[in-house]
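Because only heavy atoms are used, hydrogens play no part in the values below, and waters and symmetry mates are left out as well, while side chains stay in. Proteins come first, then strands; the chains are lettered A, B, ... in the order of their sequence lines, and each starts at number 1.
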There are 2 protein chains.
Amino acid sequence: MTARNAALETIQRELTAIARRARATAAQMHPELSLVAYTILAHIEEQQGCRATDLAAHYLLDKSTVSRQVAALERLGLIERRVDPSDHRVQVLHLAPHGNEILTTARASRRETFEERLAAWDQGDLTRFADDLVRYNADAASHP
Amino acid sequence: MTARNAALETIQRELTAIARRARATAAQMHPELSLVAYTILAHIEEQQGCRATDLAAHYLLDKSTVSRQVAALERLGLIERRVDPSDHRVQVLHLAPHGNEILTTARASRRETFEERLAAWDQGDLTRFADDLVRYNADAASHP
DNA sequence: TCGGAAGAGTTGTAGAGTGCAACGATATCA
DNA sequence: TGATATCGTTGCACTCTACAACTCTTCCGA
């Protein structure tokens with residue numbers, strides 16, 4: 001076993017553990033918000049409005065899945081749909097006021113968790129780790 | 001926004017992306033093996049046999065969930081159950097020959113994917129990233 | 001020694017999340 | 001105008017999951 005292979009195995013194993021933990025704690029993020037729902041809200045806010053098709057493409061989900069998630073979020077009053085005036089097939093999704101509140105609360109709660117977890121990391125460690133994660137995800141996106 | 005908060009947000013976002021990708025590509029790892037199934041096989045091999053309760057505790061799953069997963073793996077002929085002679089409540093799980101083959105194949109395929117993804121990383125980068133992931137997971141485990 | 005408590009595992013039930021296929025509505029282009 | 005493509009919804013089936021109730025086995029204290 002070379003040092004390179006050892007590192008690759010470790011990375012593989014630890015990333016799997018991260019994925020597993022994300023699933024296990026998904027429901028606990030916010031009483032009213034699943035991980036997918038949170039992700040969708042965050043994406044809508046970040047993009048300042050987007051289409052269901054965009055969400056499906058970005059998160060590698062079937063459009064029917066996104067359609068149902070969006071419908072649920074609308075029923076909860078967290079998002080609004082606005083038909084695109086220039087293309088009536090398209091519905092542009094925006095955050096409703098309540099969605100904005102929930103997202104803010106959930107984000108703060110998440111940040112608090114991360115701050116506790118990473119309290120012992122100094123600024124250099126954090127920045128380096130963040131950079132590595134960005135680099136890894138970019139590589140993963142181009143080698144699916 | 002402080003530099004520390006920026007790094008925390010990035011880490012949070014990128015880890016979420018990793019979890020999302022893991023879910024999306026779980027089914028494509030091996031035609032016969034879901035991500036959970038692969039994880040269970042790998043854990044059994046690593047521990048050289050383990051109990052269903054161990055799996056449930058380690059992966060934060062309900063024992064009924066593990067029971068069904070294990071039953072499915074047994075039906076596929078990938079694992080064997082051996083009643084512990086010293087405690088007849090316990091079933092020790094072991095890899096069946098076919099399970100060993102499948103695991104070896106899946107692991108090789110996974111490693112290949114990671115090697116491609118991380119081809120541009122030099123040894124220092126890899127080791128550092130692996131160490132950071134281990135450290136992060138340890139922190140996450142102690143701050144649930 | 002016996003009886004209750006605890007642990008391991010299974011099964012019934014219910015719910016969330018997902019993909020595929022078929023569909024209607026709208027838009028685009030030859 | 002008609003063929004084709006895009007956006008979104010709905011019916012259906014399947015997997016994964018947790019909770020609760022149950023059986024079987026073991027352990028421990030009176």
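Sorted pairs that involve residues 72-117 of chain B and meet ring pair (Phe, Tyr, Trp, His ring centres under 6.0 Å), not counting sequence neighbours, are lacking altogether.
Looking at B:R89 and B:D84, no side-chain N of the basic residue comes within less than 4.0 Å of a carboxylate O on the acidic one, giving no salt bridge. Under the 4.0 Å criterion applied to side-chain N and carboxylate O atoms, B:E80 and B:R82 are assigned as salt-bridge partners. For B:D131 and B:R128, the salt-bridge test fails: no basic side-chain N is under 4.0 Å from an acidic carboxylate O. Remark: A:R107 engages A:E45 in a salt bridge, criterion side-chain N to carboxylate O under 4.0 Å.
Note on B:T53: a side-chain N or O is less than 4.0 Å away from OP1 or OP2 of C:dG9. Put simply, A:S67 has no side-chain N or O that comes within less than 4.0 Å of OP1 or OP2 on D:dG8.
Remark: the B:Q123 side chain and the B:T127 side chain contain an N/O donor-acceptor pair separated by less than 3.5 Å. Side-chain N/O atoms of A:T16 and A:R21 include no donor and acceptor closer than 3.5 Å. Between the side chains of B:D132 and A:W121, no donor-acceptor pair of N or O atoms lies under 3.5 Å.
Spacing between atom CG of A:L73 and atom C1' of C:dG17 amounts to 13 Å, rounded to whole angstrom units.
Summary of helix geometry: the two end axes of the helix from C:dT1-D:dA30 to C:dA30-D:dT1, each defined by five base pairs via their C1' atoms, are inclined to each other by 10° (rounded to 10°).
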**Request:** Mark up nucleotides 12-25 of chain D, 5' to 3', with B wherever a protein heavy atom is under 4.0 angstrom from a base atom, S wherever such an atom reaches only the sugar-phosphate, and - elsewhere.
**Result:** B---SSBBB----B

